Structures are given as structure tokens and as C-alpha cells.
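Note that the coordinates shown come from a computational prediction; the quantities given were computed from them, not determined experimentally. This chain uses plain numbering: 1 for the first residue, then up along the sequence.
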Amino acid sequence: MDLNHMDPNYVVLNGAGPDGAGPEEANEQDLSDQAFDGPVVQRGIGIIAPFDLALERELWRWTPLDVSLHLARTPFEAVPVSLEMAELVSEHRHVQAATRDVLGVDPEVVAYLCTSGSFIHGLAHEARLRQSILQAGAPEAVTTSGALAEAVGALDLRRVSVITPYDADLTDRLVSFLGELGVTVPRRHYLGLGGGIWRVNYRTVAELILAADSPEAQAVFVSCTNLPTYDIIEPLERRLGKPVLTANQLTIWACLGRMGLPMVGPGRRLAGVFREGPP
């Protein structure tokens with residue numbers, strides 16, 4: 001038998017090869033008693049991630065079962081987490097190349113999943129990033145800091161405390177970004193890490209959030225998509241009585257909203273911020 005022109009419906013059963021004994025054709029099998037439903041039809045989100053992202057598993061926890069995440073990374077740079085790194089991972093040529101890398105699987109929206117890379121030069125820079133993604137061919141574009149801006153506006157927040165894993169200079173850029181939104185920062189706390197952010201444990205993040213909270217703060221924002229937060233959001237929101245906004249939740253929920261899908265996961269104080277239901 002010519003294997004290069006083999007019938008695609010031909011199957012090999014019980015170890016019998018094309019020239020072996022007892023070949024059977026797939027269309028001769030009775031499958032009426034089998035429930036071969038699925039797989040679930042998938043809808044896609046394209047993710048443009050910095051080269052050092054290590055929390056893919058957390059991202060998936062924010063998505064419903066019928067949504068797949070298709071990830072592309074910016075090129076590796078031998079620099080620590082810093083202003084320089086934020087500049088490098090937000091270069092428009094890298095963002096557009098990564099966008100094109102995920103377009104082959106037809107995502108409904110493409111998200112730039114990096115807080116510092118999208119806030120480093122303010123609102124105008126964030127808007128240019130989204131425009132770059134659209135110009136590269138994406139049907140919809142989201143950035144982490146853009147999603148933060150949406151939440152701030154929808155919740156009418158004017159005073160937000162922040163915590164970051166960054167150094168002081170990069171944290172100051174976040175404060176400036178929020179200032180452009182008309183938001184003051186009662187307290188800021190930062191870890192000053194140059195790398196390995198995904199290794200920070202929940203207790204450290206929770207203690208930092210509690211330390212950053214103040215009576216005048218209407219919410220606390222946890223910056224960086226590489227900082228683990230998923231399982232601490234709900235208990236801390238109960239304890240503080242206010243929203244705890246986190247980078248990955250904001251980004252994925254902004255995408256789900258654009259897709260007309262329900263939000264998944266903790267942090268229900270954000271419910272209603274991003275549109276849900278049919279688009």
C-alpha cells in the first residue's frame with residue numbers, strides 16, 4: 001500500500017498494519033453506542049508576555065473552559081526588572097512581531113500582558129501600544145494598564161494604594177500613570193526585586209497589601225503580571241472591605257468582556273466593570 005496516498009478514514013486496529021491481516025475501515029465501525037461529544041469549541045485570547053513571565057498557570061485559572069490562551073513572548077534581554085526592561089519589552093516592533101505570532105490561531109482579542117511596559121510612559125504610551133497591536137492585525141487590543149484605567153473609571157476610584165515588586169523608580173512611574181487618571185496614591189510599598197518575581201509567596205504579597213492599605217484608600221492595586229495573587233484576592237477583599245485589583249485579573253477580565261463572556265474567578269468587586277454577556 002502507498003502510505004503517501006493512504007485513505008484518511010483508514011484506521012489500524014489491534015496492531016494490524018496496512019499490509020497486515022484484518023484491516024478495517026473507519027466508516028465500517030458502529031459507534032452508535034459511543035458518546036463522542038466535543039471537544040468544546042474554543043475561543044482564543046492572544047497573549048503578548050514579557051520574556052520572563054512564569055505564571056501561565058495562574059492566567060488559565062482566570063479563563064472559562066471554552067477559552068484558550070495563545071502566548072507569544074518578547075525577545076529575551078539580559079537586564080534586571082527595571083525602567084530599562086520596561087522600555088525593552090514595550091518596544092513597538094517587539095509588540096507587533098508577537099501579535100503576528102498569535103494571529104494564525106484567530107484570537108478574538110490580543111492582550112499586552114505587562115503592567116510596567118504599559119504604564120512606563122503614561123496614557124499616551126498605553127494608547128500607542130494598543131494601536132500597534134491593532135495595526136499588526138489584531139481584531140481587538142487590551143493592555144494591563146489600560147484595563148486598570150478602565151476599572152478605575154468604572155469604580156470611580158480617586159485614591160488607590162499600590163504595591164509592586166519593582167524598585168522605587170519604576171513604582172514612581174506607576175504613581176504618575178495613576179495621576180494622569182486623576183488618582184492619588186495614599187501609600188505605596190515595593191519589594192525592589194530585580195528578578196524572580198514569580199517566586200514571591202502569598203504571605204509576602206498579603207502582608208504588603210495590608211501594609212499599603214489606609215483608611216483613605218478606596219482600593220489597593222497589586223502591580224505586575226508575574227506576581228502571584230489569585231488565591232489571596234477574595235480573603236483580603238473580605239478583610240479590607242474594598243477592591244484588591246490585580247494585574248492578571250484585570251487583563252484577562254478585560255479580554256473576556258470584549259468577547260461577551262462571563263468573568264471567572266475571585267474578586268467579584270470588579271463584577272460589572274467589563275461588559276458581560278453577548279457583545
Discussion item. Closer than 4.0 angstrom, basic N to acidic O: yes or no for D101 and R73?
Written reply: no
Worksheet entry | Test salt bridge (Lys or Arg N to Asp or Glu O under 4.0 Å) applied to R258 and E150, step by step | CA-CA 12 Å; R258 283 157 173 78; E150 289 182 50; 2.6 Å; yes
Worksheet item: Nearest 0.5 Å, what's the OG-CD distance between S116 and E87?
Response: 10.0 Å
Item to complete: Say whether F76 and L88 are linked into one hydrophobic cluster, either directly or through other cluster members, by side-chain heavy-atom distances under 4.5 angstrom.
Response: yes
Worksheet item: Is it true that atom CZ of R158 has more than 12 heavy atoms of other residues, nucleotides or ligands lying nearer than 6.0 Å?
Response: yes
Discussion item. Under a 3.5 Å distance rule, please check whether W62 uses its side chain to pair with a backbone N or O of P266 as donor and acceptor.
Written reply: no
Discussion item. When you compare the side chain of L208 with that of L191, does any pair of heavy atoms fall below 4.5 Å?
Written reply: yes
Worksheet item: Going through the distances and angles, do I232 and V205 end up as a side chain to side chain contact (heavy atoms under 4.5 Å, CB included)?
Response: CA-CA 9 Å; I232 63 175; V205 179; 3.6 Å; yes
Practice prompt. Show the numbers, then the answer: is there a ring-ring contact (aromatic ring centres under 6.0 Å, His included) between Y166 and Y190?
Written response: CA-CA 6 Å; Y166 320 132; Y190 57 90; 9.4 Å; no
Worksheet item: When the ring planes of H92 and H125 are compared, do they come out parallel, tilted or perpendicular, using 30° and 60° as the limits?
Response: perpendicular
Discussion item. Rounded to the nearest 0.5 Å, what separates atom SG in C224 from atom CG in L174?
Written reply: 11.0 Å
Fill in: Flag side-chain contact, heavy atom, 4.5 Å: L256 against I45
yes
Worksheet item: Hey, quick one: are V185 and L210 part of the same hydrophobic cluster, counting side-chain heavy atoms closer than 4.5 Å, chains of contacts allowed?
Response: yes
Worksheet entry | Full working for side chain to side chain contact (heavy atoms under 4.5 Å, CB included) between L170 and M85 | CA-CA 10 Å; L170 202 48; M85 178 175 164; over 6 Å; no
Worksheet item: Got a donor-acceptor contact below 3.5 angstrom from the Q218 side chain to the V160 backbone?
Response: no
Discussion item. Donor-acceptor pair, distance only, cut-off 3.5 Å: does the side chain of Y112 make one with the backbone of V95?
Written reply: no
Worksheet item: Is there a path from L59 to V105 through hydrophobic residues (I, L, V, M, F, W, Y) whose side chains come within less than 4.5 Å of each other?
Response: no
Discussion item. Between T143 (side chain only) and E126 (backbone N and O only), is there a donor and an acceptor less than 3.5 Å apart?
Written reply: no
Worksheet item: How close do M263 and F274 get, heavy atom to heavy atom, and via which atoms?
Response: CE-O, 4.0 Å
Worksheet item: In Å, rounded to the nearest 0.5 Å, how long is the span from CD of Q96 to CG of L129?
Response: 10.0 Å
Worksheet item: Quick one: does N226's side chain have a donor or acceptor within less than 3.5 Å of a partner on A54's backbone?
Response: yes
Discussion item. Under 4.5 Å between side-chain heavy atoms, counting indirect links through other Ile/Leu/Val/Met/Phe/Trp/Tyr residues: same cluster for V264 and L55 or not?
Written reply: no
Worksheet item: Just by distance, with hydrogens left out, do T144 and T115 show a side-chain donor and acceptor under 3.5 Å apart?
Response: no
Worksheet item: How long is the gap from CG on L123 to OG on S118, to the nearest 0.5 Å?
Response: 10.5 Å
Practice prompt. Kindly indicate, with the supporting measurements, whether the criterion side chain to side chain contact (heavy atoms under 4.5 Å, CB included) is fulfilled by I209 and T229.
Written response: CA-CA 11 Å; I209 291 170; T229 56; 5.8 Å; no
Worksheet item: V244 pairs by side-chain contact (heavy atoms from CB on, under 4.5 Å) with which of E237, Q249, R239?
Response: E237
Worksheet item: Taking all non-hydrogen atoms of both residues, which atom of V81 and which atom of L193 are closest, and how far apart?
Response: CB-O, 3.8 Å
Fill in: Straight-line distance of S132 OG to E91 CD, nearest 0.5 Å
11.5 Å
Item to complete: Identify the heavy atoms of A219 and L157 that sit nearest to each other, and give their distance.
Response: CB-CD1, 3.9 Å
Fill in: Residue pair L270 / L155: nearest heavy atoms and the distance that separates them
CD2-CD1, 3.9 Å
Worksheet item: F221 pairs by side-chain contact (heavy atoms from CB on, under 4.5 Å) with which of V183, I163, L148?
Response: L148
Discussion item. Please report the interatomic distance CG(D106) to NE2(H70), rounded to the nearest 0.5 Å.
Written reply: 8.5 Å
Discussion item. If you apply the rule side chain to side chain contact (heavy atoms under 4.5 Å, CB included), what do you find for S161 with S214, and how did you get there?
Written reply: CA-CA 8 Å; S161 290; S214 68; 4.1 Å; yes
Fill in: Student check: side-chain heavy atoms of I252 and I47 closer than 4.5 Å
yes
Worksheet entry | R187 side chain reached by E216 side chain, heavy atoms, under 4.5 Å | no
Item to complete: Compare every heavy atom of T251 with every heavy atom of A247, then report the nearest pair and how far apart it is.
Response: O-OG1, 2.7 Å
Worksheet entry | Closest non-hydrogen atom pair between A147 and L250, with its separation | CB-O, 3.5 Å
Worksheet item: Will you find, in the side chains of T164 and S223, an N or O donor that is under 3.5 Å from an N or O acceptor?
Response: no
Worksheet entry | D66 side chain to V41 backbone, donor-acceptor under 3.5 Å | no
Worksheet item: Does any N or O in the side chain of R188 come within less than 3.5 Å of the main-chain N or O of D172, such that one atom is a donor and the other an acceptor?
Response: no
Discussion item. Could you tell me if the side chain of E77 sits less than 4.5 Å from the side chain of H94, heavy atoms only?
Written reply: yes
Worksheet entry | Set of residues satisfying side-chain hydrogen bond (donor to acceptor under 3.5 Å, both in side chains) with respect to Q42, sequence neighbours excluded | S68
Worksheet item: Transitively linked via ILVMFWY side-chain contacts under 4.5 Å: W60 with W253?
Response: yes
Item to complete: Check whether any side-chain heavy atom of L245 sits under 4.5 Å from a side-chain heavy atom of R269, and report yes or no.
Response: no
Discussion item. Any side-chain to backbone donor/acceptor pair from T74 onto F51? Under 3.5 Å, distance only.
Written reply: yes
Worksheet item: Any donor and acceptor pair, going by atom type alone, linking the side chain of R173 with main-chain N or O of I120 inside 3.5 Å?
Response: yes
